[in-house]
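Everything on this sheet refers to the single structure shown next.
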Amino acid sequence: MKEKICVLGLGYIGLPTAAMFASNGYDIVGVDVNKNVIEALNEGEIIIEEPYLDVMVREVVASGKLKAYNKPQIADVYIIAVPTPINEDKTADMSYVISATKSIVPLVKKGDIIILESTSPPGTTENIIMPILEESKLNVAEDLYVAHSPERVIPGKILFELVENNRIVGGINEESTKKVKKLYQAFVKGEIYTTNATTAEMCKLTENTFRDVNIAFANELAIICEEMGINVWDVIKYSNKHPRVNIHSPGPGVGGHCIAVDPWFIVEKYPDMAKLINLSRHTNDNMPEYVFGKSKRILGSLKDKKVTILGITYKPDVDDMRESPIIELISLLEDISGITISIYDPYVKNYKYLEKDVYTACKDSDLVILGVNHKVFNEIDMKKLYDNMGQANLLDTRNFYIEDELREIGFNYNLLGKGK
Ligand code: SAJ
């Protein structure tokens with residue numbers, strides 16, 4: 001008999017996980033506090049965009065394997081996949097994890113499995129989840145199996161990566177780790193590595209912090225190379241020919257709900273020790289401001305100018321705008337008096353300044369900023385775009401264009417990380 005699973009939180013991680021277990025024959029109850037999510041799901045619909053997820057959800061809802069509710073239902077396994085957003089003061093907001101855990105206290109029974117999937121500060125499983133579960137009057141360490149098993153999937157490839165990626169499971173004891181590993185083996189084809197709960201929590205944070213620190217290094221190089229009058233993209237390209245060097249790419253900042261957030265969870269716990277991590281976060285957070293400054297330098301002044309932005313999502317080829325650094329850039333531009341802002345992003349359906357057509361967006365523009373390198377931007381007729389602009393200034397923050405081609409058309413081409 002397969003266990004019945006209750007998944008709390010039907011967002012970017014909870015929903016694909018629920019659908020994946022359901023399509024492997026498990027009975028799943030999905031729980032969310034958002035009425036729209038539940039109503040849509042019970043009709044077989046989803047309200048987030050993720051390739052193939054709609055098809056999978058439609059199938060498992062139609063077959064009765066996945067049902068959504070607004071409150072947890074009795075089950076054998078509870079997977080907590082609620083958000084852990086960041087507070088104003090850069091500490092983790094654990095209120096959703098706490099209330100989700102509290103909501104299952106009246107339901108848990110001896111032998112149940114409780115898994116925290118939400119990315120959380122180190123110590124959460126032992127210091128937050130376990131004490132709440134104690135309120136059930138069960139002996140948590142003996143009667144329940146509790147573990148942290150972080151997801152590592154990348155938006156846009158979630159279903160593929162859920163199956164193929166290696167996974168970590170960290171239990172509060174060996175029995176918990178074993179049980180949870182066995183459960184995920186239902187669909188995970190990658191290796192499942194086992195450890196303790198706090199190590200698993202720290203691994204998840206470390207992976208994203210690794211990216212953040214490396215991106216900060218690339219961004220710092222970009223600023224230095226610009227000052228030096230050379231091209232950072234060449235420096236990185238040639239340095240990466242060394243067999244043991246792999247420098248990341250600079251850009252207008254780091255977005256998304258992981259890399260820009262997770263390092264803070266380490267800083268929060270060890271503020272005096274996490275110096276490099278803290279500095280890297282600040283370096284990356286400062287990039288929209290740097291791009292803003294470069295835009296000002298290109299035009300002399302942004303006052304009364306028209307600026308067009310191509311791409312506002314946090315990374316290419318997705319519709320996801322969470323923590324997008326381009327949104328921060330837009331808010332800096334908005335403070336300039338008399339400025340006109342227009343945006344073209346075929347992935348985004350609803351946002352201010354959005355134009356449906358790229359040439360209209362660039363009409364009479366003084367500066368085009370490439371914010372995100374969506375592949376579809378290759379289809380833009382750059383000559384036509386040039387003809388539409390007022391002054392043909394272009395700022396490429398992603399090393400997307402071929403400089404010589406744009407210069408030949410007549411553009412004043414500027415590249416983030418390249419000095420004059
Ligand atoms: N970026 C750069 N330079 C780079 C690489 C990325 O500026 O060299 C920027 C991107 O433009 C973007 C941001 O960083 O704004 C993050 O993008 P990403 O595609 O690298 O990562 P995410 O946030 O979509 O997903 C990450 C992944 N983590 C790692 O690669 C270590 C994913 O595997 C995690 O599951 C996910 O975070 C998560 O949920 O934690």
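Order of listing sets the numbers, starting from 1, for every ligand and every atom in it.
- Side-chain N or O atoms of Thr177 include none that pairs as donor or acceptor with a backbone N or O of Gly170 at under 3.5 Å.
- Contacts of Pro155 with ligand 1, taken as heavy-atom pairs under 4.0 Å, involve the side chain alone.
- Checked by atom type, the side-chain pair Gln391/Asp366 shows a donor-acceptor distance below 3.5 Å.
- Taking any N or O of Arg211, backbone or side chain, at least one lies under 3.5 Å from an N or O belonging to ligand 1.
- For the 3.5 Å distance criterion, the side chains of Asn173 and Ser176 qualify, holding a donor opposite an acceptor.
- Close N/O approach between Gly255 and ligand 1 is found [any backbone or side-chain N/O within under 3.5 Å].
- Of the heavy atoms in His248, both backbone and side-chain atoms come closer than 4.0 Å to ligand 1.
- Of the protein's non-hydrogen atoms, Tyr314 O, 4.0 Å is the one closest to atom 10 (C) of ligand 1.
- Neither the backbone nor the side chain of Lys157 has any atom closer than 4.0 Å to an atom of ligand 1 (non-hydrogen atoms only).
- Using a 4.0 Å cut-off between a side-chain N of Lys or Arg and a carboxylate O of Asp or Glu, Lys179 and Glu3 do not qualify as a salt bridge.
- Residue Glu161 has no N or O atom closer than 3.5 Å to an N or O atom of ligand 1.
- The shortest N/O to N/O separation between Glu207 and ligand 1 does not fall below 3.5 Å.
- Residue-ligand proximity: Thr119 is placed with every non-hydrogen atom at 4.0 Å or more from ligand 1.
- For the pair Arg322 and Tyr12, the cation-pi test (distance below 6.0 Å, angle within 45°) is passed.
- With a 4.0 Å cut-off on non-hydrogen atoms, Val153 touches ligand 1 through its backbone and not its side chain.
- Considering backbone and side-chain atoms alike, Pro325 places every N or O at 3.5 Å or more from each N or O of ligand 1.
- In this structure, the side chain of Lys71 does not engage the main chain of Val31 through any donor-acceptor pair within 3.5 Å.
- Cation-pi contact between Arg297 and Tyr290: present, with separation from the ring centre below 6.0 Å and deviation from the ring axis of at most 45°.
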